[in-house]
**Q** 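Here it is, the structure in full.
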Amino acid sequence: GDSLGSLSRLVENINSRRDGGASSRRSGGGGGGGDAGTNPTSQNKSKASTPEERSKLYSQMREAEREGYELDRRINAWNNLNRDCLAGPKIAQFSSRAFNYIPSTSSVCSPHLTYHILTLLHAIYTTSILQSEQTVTPELVRTLIAEEVGQSQKLKDLKRSVLITLASTSVSASKLVIAEIRQRLMTVRDVASAEILGKLIQLDFDYVDEYIALSIEVLSDVNVV
């Protein structure tokens, strides 16, 4: 509304400038050349006011441009909100990249930052996994399952909670989780993977039968050995 108002004022100023110039020429032609010569003050005032009018019109034009840009920015933001994509089209670029994020090079700060970032990620996945499951990659699942020496128990528990959320709410993510668990159990008998598997088979979700089958397979393999 403000942008259109500024443009309207600009058009009105241009029209009034044009009508005033035409009226001046008509009055000058009817009065003859002698009248123009007898009023030099009016001519000087008209010449002096022309740059001022141009400057004023230019300022109004720039103001209208700024208001138009701001209006476009707000419309784009509103459209992104309606599409549930506040980050804009660049979010698709993130989904195609491997998950290789290091929050800090400091050994003191890194665990704390990792915990808070992972808490935010867990909240996003819990709220609506369908809108963000494209960000779940094998690298992310591998990072979540791996429990390094020196990690706090609080961080380990949070990583497991994220894995369980992914596996129990998204079929595509669940396939990635079970593939990583299978590989770890069949190669190195990973204790963390076994505990995660034990928690998953107690839940009720679409892909749980595959985890139960994996549990039976692992137990059969252990008994044979």
**Q** Let me see the working for R182 and E217 under salt bridge (charged side-chain N to carboxylate O under 4.0 Å, His left out), right down to the final yes or no.
**A** CA-CA 10 Å; R182 179 188 298 275; E217 180 182 350; 2.8 Å; yes
**Q** Would you say Q202's side chain and G198's backbone share a donor-acceptor pair under 3.5 angstrom?
**A**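 Indeed, once roles are kept as given, a pair shorter than 3.5 Å links the two residues.
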**Q** Hydrophobic cluster membership, with links at side-chain heavy-atom distances under 4.5 Å among I/L/V/M/F/W/Y: are I124 and V141 in one?
**A** no
**Q** Looking at S55, is its backbone amide N or carbonyl O close enough to the side chain of S59 to form a donor-acceptor pair, meaning the two atoms are under 3.5 Å apart?
**A** yes
**Q** If I take atom CG from residue L166 and atom NZ from residue K175, how far apart are they, to the nearest 0.5 angstrom?
**A** 15.0 Å
**Q** Verify the cluster assignment for L140 and V171: are they in a single hydrophobic cluster under the rule of side-chain heavy atoms below 4.5 Å apart?
**A** yes
**Q** Answer yes or no: are there more than 12 heavy-atom neighbours, outside D72 itself, under 6.0 Å from its atom CG?
**A**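 Counting neighbours around CG of D72, more than 12 heavy atoms of other residues, nucleotides or ligands fall under 6.0 Å, so yes.
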**Q** Under 4.5 Å between side-chain heavy atoms, hopping through other hydrophobics if needed: is there a path connecting Y69 to Y58?
**A**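 No, because Y69 and Y58 fall into different hydrophobic clusters, even though each may have its own neighbours under 4.5 Å.
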**Q** What distance do T165 atom OG1 and I129 atom CD1 have between them, rounded to the nearest 0.5 Å?
**A** 8.5 Å
**Q** Would you please test T135 and Y125 for side chain to side chain donor-acceptor pair (under 3.5 Å) and show each step?
**A** CA-CA 10 Å; T135 64; Y125 287 150; 2.9 Å; yes
**Q** Looking only at non-hydrogen atoms, find the nearest pair between T187 and Q183 and report the distance.
**A** OG1-O, 2.5 Å
**Q** If I take atom CG from residue L200 and atom CD1 from residue I178, how far apart are they, to the nearest 0.5 angstrom?
**A**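 Between atom CG of L200 and atom CD1 of I178 there are 8.5 Å.
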**Q** Do V177 and L144 touch side chain to side chain, with heavy atoms closer than 4.5 Å?
**A** no
**Q** Test salt bridge (charged side-chain N to carboxylate O under 4.0 Å, His left out) on E70 and R73 and set out the steps.
**A** CA-CA 5 Å; E70 181 65 21; R73 190 179 67 84; 2.7 Å; yes
**Q** Contact between I212 and D209 at the side-chain level, heavy atoms closer than 4.5 Å - yes or no?
**A** yes
**Q** Same hydrophobic cluster for L203 and L214, using side-chain heavy-atom links shorter than 4.5 Å among ILVMFWY?
**A**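 Yes, because L203 and L214 connect within a single hydrophobic cluster, where side-chain heavy atoms sit under 4.5 Å apart.
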**Q** Of all the heavy-atom pairs spanning S168 and F205, show the shortest one and how long it is.
**A** O-CB, 3.4 Å
**Q** Nearest 0.5 angstrom please: I181 CD1 to D190 CG, how far?
**A**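 Taking CD1 in I181 and CG in D190, the distance rounds to 9.0 Å.
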**Q** Are more than 12 heavy atoms, taken from residues, nucleotides or ligands other than Q153, located less than 6.0 Å from that residue's CD atom?
**A**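 Yes, CD of Q153 has more than 12 neighbouring heavy atoms, counting only those of other groups under 6.0 Å.
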**Q** For the hydrophobic clusters of this structure (ILVMFWY residues joined by side-chain heavy atoms under 4.5 Å, transitively), does one cluster hold both I196 and V191?
**A**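 Looking at the clustering, V191 is in a separate group from I196.
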**Q** Do V218 and R189 come within less than 4.5 Å of each other through their side chains, counting heavy atoms only?
**A** yes
**Q** As an exercise, state the distance from CG of L197 to CZ of R184, rounded to the nearest 0.5 Å.
**A** 13.5 Å
**Q** Got a second to check how far K159's NZ is from I164's CD1, nearest 0.5 Å?
**A**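 Here the rounded value is 13.5 Å.
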**Q** How far apart are the C-alpha atoms of R62 and E65, what are their side-chain angles, what is the distance that settles it, and do they pass the salt bridge (charged side-chain N to carboxylate O under 4.0 Å, His left out) test?
**A** CA-CA 5 Å; R62 294 304 302 271; E65 290 176 353; 3.3 Å; yes
**Q** Would you indicate whether the side-chain heavy atoms of S172 and V136 approach each other to under 4.5 Å?
**A** no
**Q** Please name the pair of heavy atoms, one in S170 and one in E133, separated by the smallest distance, quoted to 0.1 Å.
**A**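 Smallest heavy-atom distance, with atoms named: OG-OE1, 2.5 Å.
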**Q** Check A167 against S174 and note the closest heavy-atom contact, atom names and distance.
**A**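 Of all heavy-atom pairs spanning A167 and S174, the closest is O-OG, 3.0 Å.
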